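Presented below is the structure to which this report refers.
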Amino acid sequence: MKKDSVILGIETSCDETSVAVMRGSELLSNIISSQIEIHRRFGGVVPEIASRNHLKAILPVIDEALSAAGIALGDVDAVAVTYGAGLVGALLVGVSAAKALSYALGKPLYAVNHIEAHIAANYISSPKLEPPFLAVVASGGHSGVARVDGLNKFTMIASTTDDAIGEAFDKVARALGLPYPGGPEIDKLARSGSAEIDFIPHRKRGAQLSYSGLKTAVVNYLHNFEQRGERPVLENVCASFQKTAVDMLLDIAFDAAVQTGVKKLALAGGVAANSYLRKKLEQDGQKYGCETYYPPMSLCTDNAAMICARARGMMAEGLPPAKLDLNAVSYLKIGD
Ligand code: KG4
Ligand code: ZN
């Protein structure tokens with residue numbers, strides 16, 4: 001691989017159409033066209049509507065990313081695209097565009113695992129970060145801790161047994177009557193609340209990671225108030241839920257750091273944008289003598305810069321490009 005290869009990355013796994021251009025380690029552009037406003041009135045992402053809007057957005061967003069980067073299509077050395085995990089119809093728009101570009105330009109196509117890309121976002125904001133480190137995965141579809149032993153070597157060491165943390169934020173927000181996506185809304189309200197409600201009394205540190213039980217505990221708490229004709233203090237519910245959800249994950253992550261001796265942790269996924277999670281990671285990092293990393297907000301939620309960053313790692317170690325029969329995959333785990 002040329003040291004300063006130009007990679008054009010495409011991300012369409014959910015409700016963001018994003019295209020980015022990287023030259024070597026430099027991010028030249030990262031355009032994100034979000035459909036959040038379109039899906040908000042449905043309270044969540046409607047897959048068919050997402051696909052149609054990706055179709056509308058993909059070509060203009062490619063053009064915008066190229067012009068913002070000051071790059072012509074002919075300058076592109078490789079094309080990278082998310083092929084999973086995500087909504088199949090949405091993924092297919094990005095995969096088809098990427099295949100067409102790769103074929104027309106005669107340049108290699110790299111098939112990127114979305115969750116591994118969330119982890120790789122850290123390489124953009126922290127160029128000195130090198131494996132081994134532990135990735136604290138906190139997204140809408142995945143949660144847990146992964147050991148990263150090389151640019152292309154990932155091993156999941158703890159995973160949620162049911163819901164993902166982002167899913168729990170969104171479901172609890174819905175129960176509270178907050179708009180989609182609920183994570184940022186809970187984050188905002190929690191800032192003026194007190195984490196005084198114990199949703200999981202006697203929670204054992206390091207117990208299995210499970211978010212479904214926590215969500216049910218919050219919903220039951222709300223029902224009890226409703227039955228009494230009272231209203232709970234929303235801010236306190238948000239702060240308490242958020243603290244429990246984050247602490248559960250970080251306890252497991254820091255215990256893993258102590259056990260493995262890998263004392264470097266990096267956040268990955270949309271929930272990495274959460275202000276309490278970022279602050280608590282730093283505090284626990286100091287307490288346990290660990291280095292801590294997290295990407296800037298713009299690289300936490302879905303974006304194509306992270307797709308370029310992941311492809312760089314694949315190209316650096318000579319991983320084979322994808323063939324033109326590449327298909328979209330809805331379920332994909334880290335390391336698949
Ligand atoms: O990683 P992501 O963009 O999508 C997947 O790859 O799954 O994550 C989206 C999730 C949503 O559940 C959203 O509510 C959550 O990230 N999220 C947040 C915050 N910003 C986004 N959760 C908590 N606090 C935030 N500030
Ligand atoms: Zn994501």
Side-chain angles (χ1 to χ4, degrees), residues 9-18 20 30 32-36 39-40 43-45 47 50 81-87 90-91 94 112-122 135-144 146 159-160 163-176 178-191 193 211 214-215 238-239 241-250 266-281 294-307 309-310 329-334:
I10 300 179
E11 155 64 40
T12 63
S13 67
C14 191
D15 57 351
E16 261 93 33
T17 315
S18 181
N30 182 31
I32 303 170
S33 164
S34 176
Q35 302 177 17
I36 284 180
H39 296 280
R40 184 164 279 153
V45 178
V81 66
T82 309
Y83 77 105
L87 305 168
L91 286 164
V112 169
N113 175 322
H114 182 84
I115 308 299
E116 294 173 2
H118 271 300
I119 297 173
N122 284 282
V136 183
V137 180
S139 81
H142 294 78
S143 310
S159 296
T160 173
D163 290 357
I165 184 168
E167 199 179 346
F169 267 90
D170 293 341
K171 285 178 177 169
V172 165
R174 194 193 260 249
L176 292 170
L178 301 172
Y180 175 84
E185 301 290 327
I186 289 185
D187 192 349
K188 237 185 279 163
L189 284 172
R191 278 175 215 167
Y211 284 106
L214 173 59
K215 176 204 67 193
C238 290
F241 159 74
Q242 175 176 275
K243 178 173 171 17
T244 312
V246 165
D247 289 358
M248 266 162 57
L249 181 58
L250 287 185
L267 292 184
V271 185
N274 182 267
S275 56
Y276 173 73
L277 174 55
R278 295 159 88 91
K279 195 174 78 194
K280 184 78 180 351
L281 179 87
Y294 47 78
M297 304 290 258
S298 59
L299 297 180
C300 285
T301 40
D302 291 345
N303 67 87
M306 68 185 197
I307 307 306
R310 177 69 196 102
V329 177
S330 56
Y331 292 98
L332 202 56
K333 289 194 276 212
I334 286 178

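Please read all numbers here as calculations on a predicted model, not as lab measurements. Just so you know, ligand 1 is whichever comes first in the structure, and atom 1 is the first atom listed for that ligand.
- Going from atom CG of L249 over to atom CD1 of I165 covers 5.5 Å, rounded to the nearest 0.5 Å.
- Looking only at side-chain heavy atoms (C-beta outward), R278 and C300 come within less than 4.5 Å of each other.
- Per-residue contacts place G269 under 4.0 angstrom from the following atoms of ligand 1 (heavy atoms of the residue considered): 1 (O).
- Taking every heavy atom of both residues into account, I10 and G94 meet most closely at CG2-CA, 3.8 Å.
- In this structure, the protein non-hydrogen atom closest to atom 22 (N) of ligand 1 is G183 CA, 3.3 Å.
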Which donor-acceptor pairs under 3.5 Å do the side chains of residues 183-190 make with protein atoms, sequence neighbours left out?
from	atom 1	to	atom 2	distance (Å)
D187	OD1	R191	NH2	3.2
D187	OD1	S275	OG	2.5
D187	OD2	S275	N	3.0

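- For F241 and F169, the ring centers are positioned less than 6.0 Å apart.
- For R310 (side chain) and H118 (main-chain N/O), no donor-acceptor pair under 3.5 Å exists by modelled atom type.
- H114 NE2, 3.0 Å is the protein heavy atom nearest to atom 6 (O) of ligand 1.
- Judged by the shortest distance from any of its heavy atoms, C14 lies outside the 4.0 Å radius around the atoms of ligand 1.
- Given atom 12 (O) of ligand 1, the protein heavy atom at minimum distance is D170 OD2, 2.7 Å.
- Shortest non-hydrogen contact noted between H39 and V45 is ND1-CA, 3.6 Å.
- Close approach of ligand 1 to G141 is summarised as follows: ligand atoms under 4.0 Å from at least one heavy atom of the residue are 7 (O).
- For ligand 1, the atoms closer than 4.0 angstrom to any heavy atom of A273 are 20 (N), 26 (N).
- Scanning all protein heavy atoms for the shortest distance to atom 15 (C) of ligand 1 gives V271 CG2, 3.9 Å.
- A distance of 3.0 Å separates CD1 in I307 from OG1 in T82, rounded to the nearest 0.5 Å.
- Under 4.0 Å from ligand 1, the heavy atoms of D187 that appear belong solely to its side chain.
- Counting heavy atoms under 4.0 Å from ligand 1, residue E16 does not touch it at all.
- The heavy-atom pair separating A121 from P295 by the smallest distance is CB-CG, 4.2 Å.
- In this structure, atom 9 (C) of ligand 1 lies nearest to the protein heavy atom G140 N, 3.9 Å.
- The shortest contact between atom 17 (N) of ligand 1 and any protein heavy atom is with G270 O, 3.7 Å.
- Of the inter-residue distances, the one linking N303 atom CG with E16 atom CD reads 9.0 Å to the nearest 0.5 angstrom.
- Interatomic distance, SG of C14 versus NE2 of H114, reported as 8.0 Å (0.5 Å rounding).
- Atoms of ligand 1 found under 4.0 Å from any heavy atom of G166, numbered from 1 in the order shown, are 12 (O).
- N274 ND2, 3.0 Å is the protein heavy atom nearest to atom 24 (N) of ligand 1.
- Applying the ring-ring contact (aromatic ring centres under 6.0 Å, His included) test to H142 and every residue at least two apart in sequence or in another chain returns nothing.
- To the nearest 0.5 angstrom, E167 atom CD is 9.5 Å from S139 atom OG.
- The nearest protein atom to atom 3 (O) of ligand 1, hydrogens excluded, is given as D302 OD1, 3.0 Å; this is a heavy-atom distance.
- Applying the ring-ring contact (aromatic ring centres under 6.0 Å, His included) rule to Y83 yields no partners; only residues at least two apart in sequence or on another chain are considered.
- Of all the heavy atoms of Q242, none lies under 4.0 Å from any atom of ligand 1, so neither backbone nor side chain is involved.
- Distances under 2.8 Å from the Zn ion (ligand 2) pick out the protein N/O/S atoms H114 NE2, H118 NE2, D302 OD1.
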